[in-house]
Amino acid sequence: MAVAEPQFDDLYREIILDHYRRPRNRGELATPSQRVEGVNPVCGDEIHLDLEIGDDTIRDVSYWGHGCSISQSSASMLTERLKGCSIEEAERVMGKVRAMLIDGAAPDDEIGDLQALEGVARLPVRVKCALLCWNVLKEGLQQATTAA
Amino acid sequence: MAVAEPQFDDLYREIILDHYRRPRNRGELATPSQRVEGVNPVCGDEIHLDLEIGDDTIRDVSYWGHGCSISQSSASMLTERLKGCSIEEAERVMGKVRAMLIDGAAPDDEIGDLQALEGVARLPVRVKCALLCWNVLKEGLQQATTAA
Amino acid sequence: MIDPREIRKDFPILEQQVNGRPLVYLDNAATTQKPRQVIEALVRYYETSNANIHRGIHTLAVRATEQYEAVRGKTAAFLSASHPEDIVFTRNTTEALNLVARAWGDANVHEGDEIVLTLMEHHSNIVPWQQLAQRTGALLRYAGITPEGKLDLDEVRGLIGPRTKVVSVTHMSNVLGTINAVAEIGEMARQAGALMVVDGAQSAPHLPVDVEALGCDFFAFSAHKMLGPTGVGVLWARRGLFETMEPFLGGGDMIALVRQDESTWADVPHKFEAGTPNIADVVAFGAALDYLQDLGMGAVRAHEMALTAYAMEQLSSIEGLTMHGPERADERGGVVSFAMNPAHPHDIATIADGHGVAIRAGHHCAQLLMRHLGVAATSRASFSIYNDKDDIEALAEALEHVNRVFG
Amino acid sequence: MIDPREIRKDFPILEQQVNGRPLVYLDNAATTQKPRQVIEALVRYYETSNANIHRGIHTLAVRATEQYEAVRGKTAAFLSASHPEDIVFTRNTTEALNLVARAWGDANVHEGDEIVLTLMEHHSNIVPWQQLAQRTGALLRYAGITPEGKLDLDEVRGLIGPRTKVVSVTHMSNVLGTINAVAEIGEMARQAGALMVVDGAQSAPHLPVDVEALGCDFFAFSAHKMLGPTGVGVLWARRGLFETMEPFLGGGDMIALVRQDESTWADVPHKFEAGTPNIADVVAFGAALDYLQDLGMGAVRAHEMALTAYAMEQLSSIEGLTMHGPERADERGGVVSFAMNPAHPHDIATIADGHGVAIRAGHHCAQLLMRHLGVAATSRASFSIYNDKDDIEALAEALEHVNRVFG
Ligand SMILES: Cc1ncc(COP(=O)(O)O)c(C=O)c1O
Ligand SMILES: Cc1ncc(COP(=O)(O)O)c(C=O)c1O
């Protein structure tokens with residue numbers, strides 16, 4: 001074929017596929033302070049997050065679930081980026097990721113690997129996939145702060 | 001107005017309007033052998049026929065009901081034409097009137113005043129009006145022959 | 001200010017001749033004609049965007065979904081409603097009212113409860129309640145009409161009581177033109193703890209409507225009566241109400257999780273839109289809403305009110321003609337029903353058609369009202385934005401002809 | 001013989017580019033595209049004939065009524081049904097099945113009665129029966145599927161018994177493509193004194209259907225899946241069956257006489273068509289039926305079967321791809337569902353879209369089947385008359401790309 005590979009290659013960046021193939025922090029935590037989940041009813045994607053939060057810090061975080069490469073890699077990157085972060089930092093990162101995905105804002109280095117999801121913003125129908133774990137996280141953080 | 005009166009004047013022939021204004025044989029019979037009725041659910045027109053049938057003859061016939069000039073005049077003309085007729089003749093007249101209304105067949109003198117309904121055949125939506133009393137008659141004749 | 005001459009250029013169907021005369025379409029309460037903007041929206045949808053919605057990832061599916069959902073937003077805006085999710089698309093007003101009677105009614109109306117209607121309701125706002133009453137043992141109570149053709153508000157007030165569960169009233173009569181005080185009646189319903197349902201089939205197309213200001217619980221209407229395509233109805237519900245209701249039709253798109261023995265439901269409004277919706281027509285309805293919004297519903301109302309006043313004036317000079325309904329044009333919509341004895345309404349409609357004038361004759365799906373008026377049928381002329389004084393004069397001329405035939 | 005190249009000229013939407021590539025539309029089981037003949041029928045209707053039907057005397061009302069009712073006749077002919085009155089127009093298959101479950105089911109299904117379905121049903125042929133079961137206390141029984149993706153007929157036979165009141169089965173699976181022996185199952189149902197309902201949403205568009213030869217009691221399908229507009233469904237019932245049923249939706253046009261407390265009903269089929277129907281789309285559906293009849297459903301079937309065989313051949317050469325459903329193309333319709341682990345169906349659909357290839361990914365409204373297959377979703381390509389081998393090759397090329405991304 002003379003035609004170049006279609007444009008969606010910038011969607012499936014190597015880093016996304018790597019997180020999809022070799023998920024980080026996958027599984028349950030022994031003693032989560034928060035266990036939250038979310039389902040995308042349209043496509044059936046499912047994400048569960050276990051959070052161990054104390055002293056305003058995400059001491060540990062893991063995920064499990066199933067779905068497409070975008071939803072699963074987003075969750076894997078989330079755990080990798082946020083493990084050990086203060087809640088304040090986590091919220092800042094969450095804000096930046098959401099801004100990137102929802103408003104197409106340019107990502108910055110603070111969000112790390114998650115910058116690879118930038119291409120998703122162009123595909124409204126897949127944005128929900130990438131957002132799923134972040135919506136779940138939001139609920140988890142809310143629970144943690146109201147519990148505190 | 002310079003434009004000629006619209007084409008529907010041949011629908012509302014004087015003879016139709018005359019039967020509408022001065023209905024013949026309107027009312028109930030004292031001792032009908034058959035009492036039949038029909039309603040056009042779409043427009044609400046209603047026709048009741050009383051028949052006194054004996055010796056294969058329609059000795060007397062009357063009608064009542066309400067509705068448009070076409071349905072009512074058709075019934076009035078029916079009674080006038082068929083009073084005293086043999087059933088055989090009535091059926092022949094009925095066949096000719098139906099053929100005129102449904103198939104647009106040319107009427108002949110045997111149907112008398114009913115020829116005035118010829119213009120109705122061009123208006124499918126009003127054909128039902130003219131036919132209503134004939135459907136009722138058909139049922140009455142059937143009842144009479146099965147009863148005999 | 002609406003200029004029907006300009007507007008007419010957008011309505012290709014009006015260019016034709018009927019029985020050798022220019023078509024004068026005065027059957028707008030039955031259904032309106034469609035501007036080319038709506039027809040073009042349909043063509044555009046099918047030529048560029050058609051796909052099944054909500055479940056697709058490919059480009060056309062995304063495009064079709066966006067267009068469909070955008071009209072939900074437009075519809076909400078048209079009704080001054082705050083939440084697009086409170087809009088459910090149905091086939092027509094009739095289905096919308098059946099949805100209420102089934103999905104809300106079956107769960108909330110019980111034996112001995114009362115349903116308050118009026119004698120001027122369209123069959124679509126009667127039969128679903130009769131069916132509900134039959135299923136539940138509830139009772140129907142009908143408010144009457146004053147000699148001038150207005151709803152008898154005192155009677156409505158008298159009927160609404162502690163046993164009333166729902167009050168369902170037409171915003172505007174499709175026969176008398178009467179505009180009803182639905183906000184006031186809604187207040188009576190609320191005080192009695194009853195729900196207020198408004199049949200907006202004749203009001204949404206012709207008056208500015210603000211459902212939140214009306215304070216009703218449900219508001220139903222049809223796209224085809226307001227320049228939109230056939231096959232689209234709208235049911236709006238007060239915030240939170242749809243959430244409390246079990247679904248009506250079951251099937252694709254309205255579920256969250258299906259198991260063998262039971263299922264859970266998708267969020268509102270999808271819970272009430274089972275199966276593939278009438279996507280193309282909803283999209284084209286958006287063009288109808290744009291068209292009306294561009295004119296402004298206030299201007300639409302002003303134009304139609306002026307035309308109604310002119311029609312009432314013209315018709316009152318026709319010998320033997322009597323009009324039904326309120327005397328003042330500002331108390332009624334653009335609908336004029338009349339009698340011309342001894343000419344039967346069907347004869348009148350046929351003769352009018354001979355003049356190219358399309359009016360309706362019959363019971364107008366309002367048999368209770370016909371019985372109340374003591375007639376089997378009426379003749380009815382009803383107006384829209386493309387009608388003008390010439391149309392009224394063509395009608396008057398046709399009616400003079402009726403008098404010449406039957407006089 | 002069908003020549004897709006010629007046919008494609010009738011489908012303006014297919015001329016476009018998607019993501020820089022020519023659109024290859026392989027989502028026909030969700031909805032098909034529409035030929036210009038159908039789009040033009042819509043335009044023609046709105047530009048020449050639009051009016052409300054059944055109750056009007058004026059020229060447009062008569063014209064619109066004739067056009068609408070003519071399509072009832074065409075639909076009956078398409079199904080080899082003898083009586084146009086046995087055709088009821090609904091919004092879609094979903095509404096048609098709900099109509100059966102409500103109007104027939106509520107009156108005839110009682111506590112302890114059994115409803116036999118299969119694990120390959122679309123949600124639209126599951127949820128209405130679940131709702132009926134919940135209303136009545138009836139029980140649902142599901143027949144399973146063989147490893148090859150066929151309906152387990154022995155299990156069906158075992159499930160149908162004296163307590164069975166209704167058997168409802170899809171004529172063709174929208175996921176596996178499996179064509180079911182509905183005539184044989186109908187015979188089992190009849191011997192048990194149960195009714196046989198056929199979900200024809202996927203068969204009517206793709207196979208010659210003769211409802212009388214099938215011997216079923218109800219047959220339901222959607223216009224939008226067979227070149228017709230959105231918003232039109234069809235429910236056919238065996239002669240006499242509609243007459244025995246109480247109406248479903250109540251309102252205008254379905255009544256004979258309305259009194260305050262109760263009403264009597266119009267004759268079949270009008271009894272089941274409450275309110276203003278989707279007139280324009282029914283008229284345009286007539287053009288879709290003409291289009292299919294002109295090609296001949298035998299030719300449609302032959303073309304799609306050949307294409308399915310070619311697709312199965314092409315796809316089987318793609319590494320890591322597994323197909324669901326029967327192996328032989330003559331035992332299935334033009335639907336091919338597949339998996340390509342570890343690529344998720346949504347990723348596959350997105351990458352295919354990047355190639356301009358529209359396929360569907362998801363549960364296809366068949367969650368019970370997904371659970372049976374042990375997957376959350378599948379990717380699905382489905383064919384219509386305008387698809388050709390080039391389209392299959394474009395799909396195969398896109399899938400090779402999936403392998404390059406995920407391999
Ligand atoms: C087998 C089957 N049944 C029912 C349906 C529902 O059709 P609709 O959405 O047109 O009601 C579909 C289509 O989605 C289908 O494939
Ligand atoms: C007041 C009123 N309610 C309900 C309806 C029913 O509308 P539809 O036939 O679109 O369901 C109509 C129109 O005929 C109407 O005028």
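Chain naming here is simple, since letters A, B, ... match the order of the sequence lines and numbering starts at 1 in each.
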Sort out for me which of [options] touches chain D most, counting heavy-atom pairs under 4.5 Å.
options                        : result
C:N92, C:V258, C:T94           : C:V258
C:G362, C:A101, C:A201, C:S263 : C:S263
C:V232, C:V43, C:D261, C:I126  : C:D261
C:G275, C:A61, C:A366, C:P247  : C:G275
C:G231, C:G250, C:A349         : C:G250
C:H364, C:R360, C:K34          : C:R360

If only atom types and distance count, is the side chain of [X] paired as donor or acceptor with the main-chain N or O of [Y] below 3.5 Å?
X      : Y      : result
D:Q16  : C:T48  : yes
C:Q131 : D:F248 : yes
C:N52  : D:T31  : no

To the nearest 0.5 angstrom, please state how far the [atom1] atom of [X] sits from the [atom2] atom of [Y].
X     : Y      : atom1 : atom2 : result
D:Y46 : C:T230 : OH    : OG1   : 3.5 Å
C:E95 : D:L249 : CD    : CG    : 6.0 Å
D:T59 : C:Y25  : OG1   : OH    : 12.0 Å
C:R44 : D:I39  : CZ    : CD1   : 12.5 Å
D:N19 : C:H58  : CG    : NE2   : 12.5 Å
C:Q33 : D:N50  : CD    : CG    : 4.5 Å

Counting heavy-atom pairs closer than 4.5 Å to chain C, which one of [options] comes out on top?
options                       : answer
D:L119, D:L368, D:L139        : D:L368
D:T276, D:I279, D:L140, D:L42 : D:T276
D:V38, D:D27, D:V127, D:N125  : D:V127

Report which part of [X] has an atom under 4.5 Å of a heavy atom belonging to chain D: side chain, backbone, both, or neither.
X      : answer
C:R63  : side chain
C:I359 : backbone
C:H346 : both
C:R259 : both
C:S49  : backbone

So which part of [X] gets closer than 4.5 Å to some heavy atom of chain C, the side chain, the backbone, both or neither?
X      : value
D:M370 : neither
D:R371 : side chain
D:A133 : neither
D:T32  : backbone
D:R141 : neither
D:T93  : neither

How about [X] and [Y]: do any of their side-chain heavy atoms sit closer than 4.5 Å?
X      : Y      : value
C:Q134 : D:E262 : yes
C:L23  : D:L60  : yes
D:D106 : C:R135 : no

So which atom in C:R91 and which in D:P277 form the shortest heavy-atom distance, rounded to 0.1 Å?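 Looking at all heavy atoms of both residues, the closest pair is CD-CA, 4.5 Å.
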How far apart are the closest heavy atoms of D:G252 and C:S124, and which atoms are they?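 Taking D:G252 first and C:S124 second, the nearest heavy atoms are N-OG, 3.0 Å.
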D:Q260 and C:Q130: side-chain contact (heavy atoms from CB on, under 4.5 Å), yes or no, with the steps? CA-CA 8 Å; D:Q260 290 200 15; C:Q130 289 181 338; 5.6 Å; no
With sequence neighbours excluded, what pairs up with C:R55 under the side chain to side chain donor-acceptor pair (under 3.5 Å) test?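 Scan of C:R55 (side chain to side chain donor-acceptor pair (under 3.5 Å), adjacent residues dropped) gives C:D253.
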Which residues pass the side chain to side chain donor-acceptor pair (under 3.5 Å) test with C:D281, not counting sequence neighbours?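 C:N278.
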Would you check, one step at a time, whether the test side-chain contact (heavy atoms from CB on, under 4.5 Å) holds for D:I255 with C:Q367? CA-CA 10 Å; D:I255 55 88; C:Q367 291 185 1; 3.6 Å; yes
